[in-house]
Structure formats: C-alpha cells, structure tokens
Amino acid sequence: MGLAPVLSTSTATGTSESATSLSQLGEDYTRFLTLLTAQIENQDPLQPVDSTQFISQLAQLSQVEQAVSTNTNLENLTAQMGSILSASGASLLGEDVTVETDEMQLTNATSDGYYAVEAGAASVSAMIFDLDGNLVRTISGLSTDSSGLQPVDWDGLNDSGNLLLDGDYTFTVTARDGDGNLVDTSTYRKAKVEQVLFTEGQNYFTLTGDHTVAAEQVLSAG
C-alpha cells in the first residue's frame, strides 16, 4: 500500500509542484525582461516597438503568478490539514478500537472476534478459517442477543480438539430466526492501535497482528 509514517504528508519531502512552477516563472520573467530591454535598445526610431504585445505578455505572466500563488496556498492548507488529521489519529495510539472486519487474531487460546446480530435471531453460529481458506472450527449456540456486540468465544481449538497456533484467522457468522430464515449479522474485531499512518489525505491504523485498517473502519475506541 505504500503507507507513510505518522505525521508525514505528500508534501513533506522533495520540492512541491508550486515551488517548481514558481522557479520556472522567475526564469520566464528574467527572459522576458532581457528580451524587452534588448528590443527597446535596438528598436528603429522610425518604427518603435509596439508596447501592446509586451503589456499582453506581462499580463499573462501575472496571471500565471497568481495561479502559482493559489496552488502554493492550497498545498500549505493540505499539509496543515494532514498534520491535524495525523495528530487526531495519534490520540488513538495504544487504545483498543473496534473495527468492522472478518479478520480475527488468536493469542494464547483467546480470539478477538466479535459479531452483531439483528433482532429476531433464534440461533447463531460461526465458522473460522485459516489463512489458506480452510475451515478449522465451527461454533454453534452463540448468543442471540441483539443489544450489542457479542464475542465469538473461540478457545483456539479446531474441530478435532487440537489447539491451533497463534496468528491470523478469518470468520463468518450466520444467524437464523425460528423459521430458519437468515437474519443479518456483522463481524468485528477489537484490537489495540500500535501505529498511526497517514497517506493520501487519510489516516490508517496498524492493529495488533500487523493488520492495517482505514480510519472509517474504526467504529469506536476504548
């Protein structure tokens, strides 16, 4: 993804486009004045130089200068907004956040996956997969409480009763009402923010397990 470290912006390194344009504009002014001076010094007294053309060219250079100045102001504003966004994201460093995702991490036989279910569910089950997409555990009899997030409560065992290695897994949750009809569910993860990243005008967070999520995926903190 090419994410930049926290508090960095796209204008933090190198020369900005407006600065390059301003340098080019200065060179154009110098060439223009040199040409104007030479033509005035060498003009035919009987056929003096038409000043209208020079005035027109000077007006065009002035318009370019204004445009460059506007771009410079926009770049400065973008950099300032980037710093503000980065600083606001930095306040979540070390905090636990809830993100909407189908990823979870297993650590010491404890998983950090959660789910939400709409009202009316009579049964809820979860399926857990390894990173190769293999189904490793099916859990039934999960809570049907629709008042908030519910933990998946996976103990790290596979369907054969063997303890799996710590690491990354994905999961799905299925809920049905009393008639067997599907009820809407959503899956989440609660994890600690270990790094804040800023790129292309947006904050990203690296969570425990080296999972990187966009700021809009964060639903709550604490």
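Only a predicted model underlies this, so the values are computations on that prediction, with no experimental measurement involved.
Shown here are the side-chain contact (heavy atoms from CB on, under 4.5 Å) partners of S160, two or more places apart in sequence or in another chain: N158, N162. By the side chain to side chain donor-acceptor pair (under 3.5 Å) test, D102 pairs with no residue at all, sequence neighbours left out. In terms of the side chain to side chain donor-acceptor pair (under 3.5 Å) criterion, residue partners of S147 (sequence neighbours excluded) are, by chain and number, D145. The side chain to side chain donor-acceptor pair (under 3.5 Å) check on Q150 picks up nothing, with sequence neighbours excluded. Taking E118 as the reference, V183, D184 meet the side-chain contact (heavy atoms from CB on, under 4.5 Å) condition, with sequence neighbours excluded.
In this structure, L182 shares a hydrophobic cluster with no other residue, the cluster being traced through Ile, Leu, Val, Met, Phe, Trp and Tyr side chains under 4.5 angstrom apart. Summarising the hydrophobic clusters (Ile, Leu, Val, Met, Phe, Trp, Tyr; side-chain heavy atoms under 4.5 Å, direct or chained), the residues clustered with L163 are L157.
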**OP:** Using the salt bridge (charged side-chain N to carboxylate O under 4.0 Å, His left out) rule, take K190 and D96 through it: C-alpha gap first, then chi angles, then the decisive distance, then the call.
**Re:** CA-CA 6 Å; K190 290 187 178 182; D96 289 326; over 6 Å; no
**OP:** Could you go through the side-chain contact (heavy atoms from CB on, under 4.5 Å) check for L207 and V193 one step at a time?
**Re:** CA-CA 5 Å; L207 309 180; V193 175; 3.9 Å; yes
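Counting only heavy atoms from C-beta outward, the side chains of N108 and D166 approach each other to under 4.5 Å. Residues F171 and V152 have side chains in contact (heavy-atom distance under 4.5 Å, counting atoms from C-beta outward). By the 4.5 Å heavy-atom criterion applied to side chains, E100 and Q217 are not counted as neighbours. A 4.5 Å side-chain heavy-atom check between Q105 and S111 finds every atom pair outside the cut-off. Proximity of T174 to T185: side-chain heavy atoms (C-beta onward) are nowhere separated by under 4.5 Å.
One N or O on the side chain of T187 and one on the backbone of T101 form a donor-acceptor pair closer than 3.5 Å.
Annotation: salt bridge (charged side-chain N to carboxylate O under 4.0 Å, His left out) contacts involving residues 203-213, sequence neighbours excluded, are absent. Under the ring-ring contact (aromatic ring centres under 6.0 Å, His included) criterion, no residue pair touches residues 111-143, with sequence neighbours excluded. Within the structure, salt bridge (charged side-chain N to carboxylate O under 4.0 Å, His left out) contacts touching residues 130-142 (residues at least two apart or in different chains) are R137-D155, R137-D159. Applying the salt bridge (charged side-chain N to carboxylate O under 4.0 Å, His left out) test to pairs two or more places apart or on separate chains, none has a residue in residues 168-182. Applying the ring-ring contact (aromatic ring centres under 6.0 Å, His included) test to every pair with at least one member in residues 131-156, sequence neighbours left out, gives these pairs: W154-Y169.
Contact record, V124 with A175: CG2-CB, 3.9 Å, taken as the closest heavy-atom pair. Looking at every heavy atom in both residues, S125 comes nearest to S140 through CB-CA, 4.0 Å. Closest of all the heavy-atom pairs between A191 and D112 is CB-OD2, 4.3 Å.
By the criterion of side-chain heavy atoms lying less than 4.5 angstrom apart, applied directly or through intervening Ile, Leu, Val, Met, Phe, Trp or Tyr residues, I139 is grouped together with L106 in one hydrophobic cluster. Y188 is not connected to V173 by any chain of hydrophobic side-chain contacts under 4.5 Å among Ile, Leu, Val, Met, Phe, Trp and Tyr, and they are in different clusters. Each of M104 and V213 belongs to its own hydrophobic cluster when Ile, Leu, Val, Met, Phe, Trp and Tyr are linked at side-chain heavy-atom distances under 4.5 angstrom.
Atom CD of E194 is separated from atom CD of E95 by 13.0 Å, given to the nearest 0.5 angstrom.
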